[in-house]
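All of these numbers come straight from a predicted model, not from anything done at the bench. Each ligand, and each atom within it, is numbered from 1 in the order the structure gives.
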Amino acid sequence: MKDRLIVALDYSSDEPVKQLVTSLDDSVSYYKVGMELYYSVGESIIHYLKEQQKNVFLDLKLYDIPNTVAKGLSALTRLGANMMNVHASGGSLMMQKAVEAVADEAARLSIARPQVIAVTILTSMNQEQWGQMGHTSEISDQVVRLALLAKESGMDGVVASPQEASAIRSVCGDDFLIVTPGVRPVGAAVNDQSRIATPSSALRQGSTHLVVGRPITAAPDGQAAAKAILEEMEGAFK
Ligand code: C5P
């Protein structure tokens with residue numbers, strides 16, 4: 001289960017990251033580096049996490065023409081992250097080129113190929129904003145459609161809310177990553193998340209990886225919080 005819990009490092013400098021990683025120690029093995037941290041600190045933060053033997057999900061959500069995304073991901077592959085992502089709405093050619101570029105660069109460097117996953121529709125999008133953009137479909141239908149397109153384009157999985165996980169699982173099959181934020185243990189502060197699930201229900205709905213930030217990073221005892229979440233994850237299928 002440790003490989004399936006990803007702690008979000010939502011910071012703008014490396015000091016709090018190093019403090020957190022040191023304090024969480026062996027209880028957490030996978031971290032997410034997003035735009036704030038990566039654009040503030042740069043690639044040194046990836047090197048630091050790799051030196052600490054941690055897995056890294058580099059959450060930069062690339063979206064551009066296929067050639068540009070492919071070249072960008074190829075450059076990022078050299079940093080050694082384990083997982084990276086793009087927007088599925090970039091289309092199937094963009095996703096195919098993305099996976100190909102990552103595979104080629106990893107082979108050239110003789111390193112394991114990082115997994116590449118797709119963001120379907122941002123969970124901050126609501127039906128009203130969706131309609132303003134000229135769409136007439138239901139967001140939930142579009143999420144499943146884009147997840148299937150991602151799978152057919154060779155992506156390893158998608159980022160999705162826990163509520164979307166079971167529909168995606170039934171359409172995309174077993175061998176597909178579903179990485180879900182919006183996870184809150186019972187009793188934890190909801191913060192600004194809305195469509196939340198507990199760690200065990202997210203796993204039961206088909207999530208393979210849980211992204212958890214503040215329930216661990218803002219806890220008085222982060223290690224205890226991480227261990228409690230891992231225990232709940234272990235119990236999900238008992
Ligand atoms: O602190 P919290 O557990 O809410 O952090 C969740 C993490 O997942 C944050 O880094 C947030 O940006 C990210 N995320 C999210 N919802 C999405 C995509 C990413 O909460 N749809």
Side-chain angles (χ1 to χ4, degrees), residues 4-14 16-17 20-21 24 27-28 30-41 45-46 49 54-63 81-90 115-127 129-130 139-140 142-144 146-147 150 155 157-165 167-168 177-203 205-220 222 224-226 228-230 232-233:
R4 299 173 65 175
L5 173 63
I6 305 178
V7 173
L9 294 171
D10 292 319
Y11 298 102
S12 58
S13 65
D14 57 0
V17 171
L20 182 78
V21 171
L24 293 176
S27 56
V28 170
Y30 215 142
Y31 288 95
K32 178 172 89 71
V33 174
M35 292 186 202
E36 180 189 10
L37 183 58
Y38 187 74
Y39 294 151
S40 300
V41 175
I45 201 68
I46 315 287
L49 290 165
K54 303 301 181 188
N55 291 326
V56 178
F57 168 22
L58 186 54
D59 177 23
L60 297 181
K61 301 185 178 70
L62 277 73
Y63 181 61
N82 303 79
M83 190 189 284
M84 303 191 284
N85 60 359
V86 302
H87 276 281
S89 43
Q115 292 169 315
V116 191
I117 62 174
V119 177
T120 54
I121 309 282
L122 294 170
T123 49
S124 53
M125 182 70 63
N126 60 27
Q127 200 65 43
Q129 294 179 70
W130 185 241
I139 291 180
S140 51
Q142 190 63 11
V143 164
V144 174
L146 285 174
M155 304 292 286
V158 287
V159 182
S161 88
Q163 276 81 354
E164 295 156 354
I168 293 171
L177 304 179
I178 303 179
V179 178
T180 54
V183 175
R184 289 291 180 271
V186 176
V190 171
N191 309 113
D192 54 355
Q193 294 284 8
S194 48
R195 294 189 287 151
I196 57 168
T198 62
S200 52
S201 77
L203 291 181
Q205 284 166 65
S207 303
T208 53
H209 294 75
L210 310 185
V211 176
V212 181
R214 289 159 291 182
I216 292 174
T217 59
I229 290 174
L230 282 166
E232 189 183 331
M233 291 166 70

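Against a heavy-atom cut-off of under 4.0 Å, Val211 is close to the following atoms of ligand 1: 7 (C), 8 (O). Each of the following atoms of ligand 1 lies closer than 4.0 Å to a heavy atom of Pro215: 3 (O). Shown in contact with Ala8 at under 4.0 Å from a heavy atom are these atoms of ligand 1, numbered in order with element: 7 (C), 10 (O). In summary, the atoms of ligand 1 found under 4.0 Å from a heavy atom of Gly213, numbered by their order in the structure, are 1 (O), 2 (P), 3 (O), 5 (O).
With Ile117 as reference, Val179 is the one residue of Val158, Asp59, Val179 to meet the side chain to side chain contact (heavy atoms under 4.5 Å, CB included) rule.
Between Val119 and Tyr63 the shortest side-chain heavy-atom distance does not fall below 4.5 Å. Tyr31 places none of its side-chain heavy atoms less than 4.5 Å from the side chain of Val56. Within the 4.5 Å cutoff, the side chain of Met125 has no heavy atoms near those of the Thr120 side chain. Side-chain contact between Met155 and Val86 is present, with heavy atoms from C-beta onward closer than 4.5 Å. Side chains of Val159 and Lys61 form no contact here, defined as non-hydrogen atoms less than 4.5 Å apart.
Neither the backbone nor the side chain of Ser161 comes within contact range of ligand 1; no heavy atom lies under 4.0 Å. Of all the heavy atoms of Arg214, the ones lying under 4.0 Å from any atom of ligand 1 are found in both the backbone and the side chain.
Nearest to atom 2 (P) of ligand 1 among the protein's heavy atoms is Arg184 NH2, 3.4 Å. Protein heavy atom closest to atom 9 (C) of ligand 1, with residue, atom name and distance, is Asp10 OD2, 3.2 Å. Among all protein heavy atoms, the one lying closest to atom 12 (O) of ligand 1 is Lys32 NZ, 4.2 Å. Taking atom 20 (O) of ligand 1 as the reference point, the nearest protein heavy-atom neighbour is Gln193 NE2, 2.8 Å. From the protein, the heavy atom lying nearest to atom 21 (N) of ligand 1 is Thr123 OG1, 2.5 Å. When hydrogens are left out, the protein atom nearest atom 19 (C) of ligand 1 is Pro181 CG, 3.8 Å; that is the closest non-hydrogen contact.
Summarising the geometry of Thr217 relative to Tyr11, their closest heavy-atom pair is CB-OH, 3.4 Å, with the distance given to 0.1 Å.
The salt bridge (Lys or Arg N to Asp or Glu O under 4.0 Å) search around Asp14 returns Lys18, not counting sequence neighbours.
Distance check, rounded to the nearest 0.5 Å: OG1 of Thr123 to CD of Gln163 gives 9.5 Å.
Within the 4.0 Å heavy-atom shell around ligand 1 one does not find Leu122.
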